[in-house]
Each structure stands twice: as C-alpha cells, then as structure tokens.
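Source: prediction; values computed, not measured. Note that the numbering runs from 1 along the sequence shown for the chain.
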Amino acid sequence: MTQSTIVISRDIDPVRWNSFLAEFTRENRGAHARLEVLGSDPPRVVETEDRPFDGIAADVKDGENIVWIAFGSTPDDHLTHGIHGVKAIRVRPPTGNAGAAVEIETNDGVRTLLQLSRPEEYALPPGTAGKRQS
C-alpha cells in the first residue's frame, strides 16, 4: 500500500454518500489502512499507515459535507481524521492483490486517499469489529 497514484473508478452520488459509506465500512472494517493527503501544504502527507480501518461516514446535514474516517482496534489505538468541505467521493473496488480505495476531494482541490488491504488479510481482534458502528 505504498502507491499514492491510484486510478479511482467511480464517483459516488452525494445523495448516496451515507448509505455507500455505511456499506463500505461493513465490507472493509478490519482491513489495514493507509491515509494520505495529497495537494496540501506540504504536497503529500501520510496521516497513518498499516492501522486497522474502523469506519468512514459522512455528515451532510446543513451542507457541512464532512467525512470522518476512524482507525484502530482499541481505545488506546483509536484515530479519527476529519475532512471538511467535501465536494466529491470516489471509489475503486478491490483489484488483484489490492484492497478497496476511496478518494475524498475538497472544495479547495485537496484529495485524501484511503487505501485498504483486503479485509481478510488483517482483522480487528475478536469481539471488537461490532462494538463501534459508524
């Protein structure tokens, strides 16, 4: 999961963000994740890598358009990353040996790339996957 140039194949309609991200979370919780911010200052920042993916959700009420991504399998390992002013969410389904990827683009052109391993490669410890729901 070191590649930062990934072809994202499908835009998600904003009216489907919540339902899509809930399903994406169910399908991918426990996969190990890499989160990269592209186009910010500095131009590329790796926020986290090789950390269990716990969930992704959108807050679209009142036009806020915020996406929250959570990582970690225990309270001590928990990390949440918020992306404000989201204008587009794109997804690439799992391909070959790579897991799914989600690109979140903000109004100012900054892109955040969430890259996942295949969920079956890594898993949250038993009993933790169902405790927190996105």
Side-chain angles (χ1 to χ4, degrees):
M1 287 191 301
T2 60
Q3 182 182 12
S4 61
T5 305
I6 289 184
V7 177
I8 303 295
S9 63
R10 180 172 59 123
D11 280 38
I12 306 304
D13 187 320
V15 299
R16 294 195 56 240
W17 285 359
N18 283 316
S19 62
F20 172 80
L21 295 176
E23 181 64 22
F24 185 88
T25 294
R26 281 189 291 278
E27 291 174 359
N28 294 285
R29 181 174 273 134
H32 275 216
R34 174 184 177 91
L35 187 68
E36 243 181 304
V37 179
L38 308 167
S40 61
D41 187 21
R44 178 178 175 263
V45 176
V46 176
E47 293 291 329
T48 190
E49 63 184 313
D50 199 29
R51 184 174 281 201
F53 171 69
D54 192 35
I56 183 169
D59 180 357
V60 295
K61 71 177 183 303
D62 301 326
E64 292 181 10
N65 293 354
I66 303 170
V67 170
W68 297 99
I69 306 172
F71 305 91
S73 57
T74 66
D76 292 338
D77 185 40
H78 190 75
L79 169 73
T80 301
H81 181 83
I83 305 157
H84 298 260
V86 173
K87 77 172 184 179
I89 297 175
R90 300 177 187 98
V91 65
R92 185 212 60 211
T95 59
N97 292 332
V102 174
E103 178 186 80
I104 298 116
E105 184 177 355
T106 60
N107 293 322
D108 61 2
V110 173
R111 295 177 300 125
T112 300
L113 182 60
L114 172 67
Q115 300 173 68
L116 302 176
S117 68
R118 291 194 167 272
E120 60 271 14
E121 292 177 14
Y122 298 93
L124 295 171
T128 60
K131 286 186 180 175
R132 286 192 303 260
Q133 297 294 319
S134 61

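Ile83 and Val86 make their closest contact through O-CG2, 3.4 Å (heavy atoms, listed as atom of the first residue, atom of the second, distance). In this structure, Trp17 and Ile12 approach most closely via the heavy-atom pair NE1-O, 3.1 Å. Residues Ala57 and Leu21 approach most closely at C-CD1, 3.9 Å, considering heavy atoms. Taking each heavy atom of Leu114 and Phe24 in turn, the nearest pair found is CD2-CE2, 4.3 Å. The minimum heavy-atom distance between Val110 and Gly39, with the atom names listed, is CG2-O, 3.6 Å. The shortest heavy-atom contact between Ile56 and Thr25 is N-OG1, 3.0 Å.
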Intermediate values then yes/no, side chain to side chain contact (heavy atoms under 4.5 Å, CB included), Lys87 and Asn65: CA-CA 7 Å; Lys87 77 172 184 179; Asn65 293 354; over 6 Å; no
Might you work through the side-chain hydrogen bond (donor to acceptor under 3.5 Å, both in side chains) test for Thr106 and Asp108, ending with a clear yes or no? CA-CA 5 Å; Thr106 60; Asp108 61 2; 2.4 Å; yes
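Applying the salt bridge (charged side-chain N to carboxylate O under 4.0 Å, His left out) test to pairs two or more places apart or on separate chains, those with a residue in residues 61-71 are Asp59-Lys61. Counting only residues at least two apart or on different chains, the salt bridge (charged side-chain N to carboxylate O under 4.0 Å, His left out) pairs with a member in residues 12-25 are Glu23-Arg26.
By the side-chain contact (heavy atoms from CB on, under 4.5 Å) test, Pro93 is found to be paired with Ser9, residues two or more places apart in sequence or in another chain being considered.
Counting non-hydrogen atoms of neighbouring residues, nucleotides and ligands closer than 6.0 angstrom, the CG atom of Asn97 reaches no more than 12 such neighbours.
Listed for the His78 side chain is a donor-acceptor partner under 3.5 Å among the backbone atoms of Phe71. Counting only distance, with no hydrogens or angles, the side chain of Arg90 and the backbone of Ala101 share no donor-acceptor pair below 3.5 Å. Using a distance-only test at 3.5 Å, with no hydrogens or angles considered, no donor-acceptor pair links the side chain of Ser117 to the main chain of Ala31.
Ile104 has its side chain within reach of Ile69: a pair of non-hydrogen atoms, C-beta onward, lies under 4.5 Å apart. Residues Val37 and His81 are in side-chain contact: their nearest non-hydrogen atoms beyond the backbone lie under 4.5 Å apart.
Rounding to the nearest 0.5 Å places CG of Leu35 at 10.5 Å from CD of Glu49. The CD atom of Glu103 lies 10.5 Å from the CD atom of Gln115; values are rounded to the nearest 0.5 Å. Separating the CG atom in Leu116 from the CD atom in Glu27 is a distance of 11.0 Å, to the nearest 0.5 Å. To the nearest 0.5 angstrom, Glu36 atom CD is 4.5 Å from Arg34 atom CZ. Atoms CG and OG1, on Leu38 and Thr112 in that order, are 7.5 Å from each other to the nearest 0.5 Å.
The pair Arg29-Asp54 meets the salt-bridge criterion, since a charged nitrogen lies less than 4.0 angstrom from a carboxylate oxygen.
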